[in-house]
Chemist: 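To start, I am sharing the structure in question, which I have written as structure tokens.
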Amino acid sequence: MPLKRISLIVPCFNEAEGLEELYRTVVASLKPLEGRADFELWLVDDGSRDGSLEVMRRLRGQDSRVHYLSLSRNFGKEAAMLAGLEACGGDVVVVLDADLQDPPSLIPTMFELLESGEWDCVAARRRTRTGESPLRSLAARLFYRLMSRLSRFPMEDGMRDFRMMTRTVVDAILSVKEVNRFSKGIFCWIGYRVKWLDYDNVERSHGKSKWSLWSLFKYGMEGIVSFSVIPLYLACLVGALACFAAMALCIKTLIKTLCFGEPVAGYTTILVCMTFFCGLQFLLTGIVGLYVSKVYMEVKRRPLYLIKEKE
Ligand code: UDP
Ligand code: MG
């Protein structure tokens, strides 16, 4: 049987401390597949400022299976992942984090499942969220529930970018040309036969997460705006309800004044209504603005990343 090539894509932003360990773990984890599959490790340096690139060059010098791409600045994980997917040439492709939170020991199992021919993609899903702040866990849970409701396809709670895909699936992902890339959504949107592998959360091997609560919020909004226009429908609905409420109030006041001669009072009511509707207008304009901003980014068609060095 011909040897299959597994491409491993690792986006790295300031991960110098852990790259050697990642390399050793990957080599050890893929030992059981020797004779059936070889691998290439694509380290994508996403504008790191901590010497990650030097470590990558060193690893490349030691082992020709290691490749690296260095982006001209920090473009974000999505862009780094895409750069890796576009550069690699494997028959099957794995995306994993540099901090060993995506255990490479799962790769042989993923490979077996893919080789069975029953699946096109084997994706990892965290069963637990130990070591994560309760606020972050709660926000993530709510987000996945909301996303599943808003988009037409289910999004699994605890899903990660960590997955092994056949070439067909990778090509499908690359055929999605949008600039605002929310990969977790794209992975689900393309469909194909996905096998979920549950595992317990692993804490970072070194350093700390690059995500603040604010960046997670922005990422979440990105996801919703990229995959659903329901917020726009909701905006219309809220606007319509507000109009009905205003009309009802108007009719009630007219009846009270004309039929019962009650004077029109209600300085407070006017003030409350005005501030409420002003706020509502800003909110709804903001929602529309989010979509307009996405359209703006899409029409500009800027490249999603620029490569400074490639080996
Ligand atoms: N990462 C990246 N660019 C960024 C932020 C993160 O390439 O701008 C990489 C990071 O080096 C890691 C992966 O994306 O390999 C996941 O990042 P992190 O561990 O901070 O996220 P978390 O696991 O907390 O979701
Ligand atoms: Mg991590």
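Note that ligands are numbered from 1 as they come in the structure, with each ligand's atoms numbered from 1 the same way.
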Chemist: Do the side-chain N and O atoms of E78 and S183 include a donor-acceptor pair separated by under 3.5 angstrom?
Modeler: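 Yes - a donor-acceptor pair under 3.5 Å links their side chains.
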Chemist: What residues come within 4.0 Å of ligand 1, counting heavy atoms only?
Modeler: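 Lining ligand 1 at under 4.0 Å, by heavy atoms, one finds P11, C12, F13, E15, D46, N74, G76, K77, D97, A98, D99, Q101, R136, R160, R204, S209, K210, W211.
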Chemist: Has the side chain of S29 got a donor or acceptor atom that lies under 3.5 Å from a matching backbone atom of T25?
Modeler: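 Yes, because the side chain of S29 sits within donor-acceptor range (under 3.5 Å) of the backbone of T25.
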Chemist: If you apply the rule side chain to side chain contact (heavy atoms under 4.5 Å, CB included), what do you find for L85 with M165, and how did you get there?
Modeler: CA-CA 11 Å; L85 288 176; M165 302 165 277; 4.3 Å; yes
Chemist: In D99, the N, O or S atom nearest to the Mg ion (ligand 2) is which?
Modeler: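 Output for this pair reads OD2.
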Chemist: Answer yes when R24 and E21 have at least one side-chain N-carboxylate O distance shorter than 4.0 Å, and no when they do not.
Modeler: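 Salt bridge: no.
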Chemist: Run the salt-bridge test on K294 and E178 with the 4.0 Å N-O cut-off and return the result as yes or no.
Modeler: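 Between E178 and K294 there is no salt bridge, as every charged N stays at least 4.0 Å from the carboxylate O atoms.
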Chemist: Considering only residues two or more places apart or on different chains, which pairs with a residue in residues 87-103 satisfy side-chain hydrogen bond (donor to acceptor under 3.5 Å, both in side chains)?
Modeler: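 Every pair satisfying side-chain hydrogen bond (donor to acceptor under 3.5 Å, both in side chains) with a residue in residues 87-103: K77-D97, D97-R160, D99-R204, D102-R160.
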